[in-house]
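What you see below is based on every heavy atom in this structure, not just the backbone, and it leaves out hydrogens, waters and symmetry mates. This is a predicted model, so every value here is computed, not measured.
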Amino acid sequence: MPVNWRAAALLGLITSSYSTLVAQLLAARVGRDAVVDWMVVASIPAQDLALQAEPSWPVILGGILFHQSADFLWAVVFFGLLGRWTAGLRPWTILLVGIPWAVFTSAFEYFGVVPFWQPVFTLNQPYWVGLLVHLTSASLYPLFPWLRDWLAGRASPHRRFAAWWSGVTAAGVLGMAVLAFLGWHGREWPSHLGGALAYDQGWMRAMAAHHRQGVAVARVAEQAADDPHLRSLARLMIAGQAGDVMVLEQWWRGWFGTPVLPPPEEHMAMPGMLAPEQLAALDRSAGKPGFDALFVTLMTHHHQGAIAMADAALGRAGDPRLRLMAHAIRHAQRGEILLMQGIPRGFAVSGAAALALIAPAGRHPADGGPAVHR
């Protein structure tokens, strides 16, 4: 095998492992539950079989391996298939070229390939998650010239750069590991900008309570829905919303020093919250012909409330991490509404996901407009 291809393969193993490690360490720092994210990635090859209320280790590992195989492939394409133009570039040039390459590859996957294969991924995860992962991988592409020389058994003029860049990378990983360790032990640092402490506390309490009701409603559908795809979506809702609550509770312990995230003062006043009689009606309809339609109606209403709450936080939350989480919640809840409505695979998913990323509350079909598909 030519040395460029061997170096590209070795680099692919390095970059895919590095991006996996960074994604795992930084997930909760930006409001993501890594376990749920790996499960959603696993659903690309495994489809609905991977969607579980409590993701199992085989599913998690399947998501990691699928991510790493795709990451490995992009490195091989860049330095192997396109090696005629890229293999001779210097490290700093590779770094500069790697940025648009990460944008292209992440967008190609997110908007151009996966929507035809598994809409859940594109409609559940906001695009910036995949972009950050691809940028992380591309940040190690400058090591390629040294790896090629090393595999060829010759002295490399890039040895000093490779040592320095590897040291910077290792220091970054160590820093991320320290932050993750502190976060897991309730030492997340607060950053409530603009005097928004009270708003941040209220929003965290409200969203956690809203999600807990969403989990309870989805658990009914997990058992009672007639449509197997709807049961799979219910499991996704349980895992996703429970993961958000876990992150919020971790942040609450670190930011405010109390072990429990208390409920909001006006529990039922939040948008989208279902009344006791609505919950009772859903329970009574379990096992009956109209259950699926009633669940879709109630959960759509519930999700639309969360979308409105998340959209408000994008403009008012003081901590930047809450804004990132709010954006991801708005995107995922919109996507789940469309999935319940039966949006077809393909460009309809791409367009809906692109609009979900940028449209404010009330400006997306999932926010209260007519049903997209059924």
Pairs involving residues 43-64, ordered by first then second residue, that meet side chain to side chain donor-acceptor pair (under 3.5 Å) (sequence neighbours left out): Q47-R345, D48-H229, Q52-S56
Qualifying side chain to side chain donor-acceptor pair (under 3.5 Å) pairs with a residue from residues 69-80, counting only residues at least two apart or across chains: S19-D71, D71-S137, W74-E109
Ring centre gap for H134 and W101 strictly below 6.0 Å: no
Ring centres under 6.0 angstrom apart (F111, F347):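 Not close enough - the centres of the two rings lie 6.0 Å or further apart.
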Side-chain H-bond candidate by donor/acceptor type, W252 with Q201, under 3.5 Å: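 There is no such pair between these side chains.
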No-hydrogen, no-angle side-chain donor-acceptor test under 3.5 Å, Y18 and T169: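 No, because no side-chain N or O of Y18 sits under 3.5 Å from a partner of the opposite role on T169.
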Contacts of R231 that satisfy side-chain hydrogen bond (donor to acceptor under 3.5 Å, both in side chains) - sequence neighbours left out: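 If we apply the side-chain hydrogen bond (donor to acceptor under 3.5 Å, both in side chains) test to R231, skipping adjacent residues, there are no hits.
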Quiz: residues 83-92 side-chain donor-acceptor pairs under 3.5 angstrom, not counting sequence neighbours:
from, atom 1, to, atom 2, distance (Å)
T86, OG1, F78, O, 2.5
T86, OG1, L82, O, 3.0

Sequence neighbours excluded - salt bridge (Lys or Arg N to Asp or Glu O under 4.0 Å) pairs with any residue from residues 22-46: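 Listed by first then second residue: R29-E188, R32-D37.
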Side chain to side chain contact (heavy atoms under 4.5 Å, CB included) evaluation trace for V41 with Q125: CA-CA 9 Å; V41 172; Q125 290 192 6; 4.3 Å; yes
Side chains of F72 and V76 in contact at under 4.5 Å (non-hydrogen atoms): yes
Salt bridge (charged side-chain N to carboxylate O under 4.0 Å, His left out) partners for R363, two or more places apart: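 Checked R363 against salt bridge (charged side-chain N to carboxylate O under 4.0 Å, His left out); zero matches.
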Sequence-distant partners of R154, salt bridge (charged side-chain N to carboxylate O under 4.0 Å, His left out), two or more places apart: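 With sequence neighbours excluded, R154 shows a salt bridge (charged side-chain N to carboxylate O under 4.0 Å, His left out) to D149, given in chain and number order.
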Residue pairs fulfilling ring-ring contact (aromatic ring centres under 6.0 Å, His included) with at least one residue in residues 272-303, sequence neighbours excluded: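 Only H210-H302 qualify under ring-ring contact (aromatic ring centres under 6.0 Å, His included).
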Spacing of L230 atom CG and R235 atom CZ [to the nearest 0.5 Å]: 10.5 Å
Side chain to side chain contact (heavy atoms under 4.5 Å, CB included) partners of A75, counting only residues at least two apart: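 Side chain to side chain contact (heavy atoms under 4.5 Å, CB included) list for A75, sorted by chain: T15, Y141.
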Residues that L65 engages under side chain to side chain contact (heavy atoms under 4.5 Å, CB included), provided they are two or more places apart: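 Scan of L65 (side chain to side chain contact (heavy atoms under 4.5 Å, CB included), adjacent residues dropped) gives none.
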Remaining members of hydrophobic cluster (4.5 Å side-chain criterion), V133: none
Shared-cluster residues of V129, by chain and number - hydrophobic side chains joined below 4.5 Å: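 Other cluster members: V30, W128, L132, L324.
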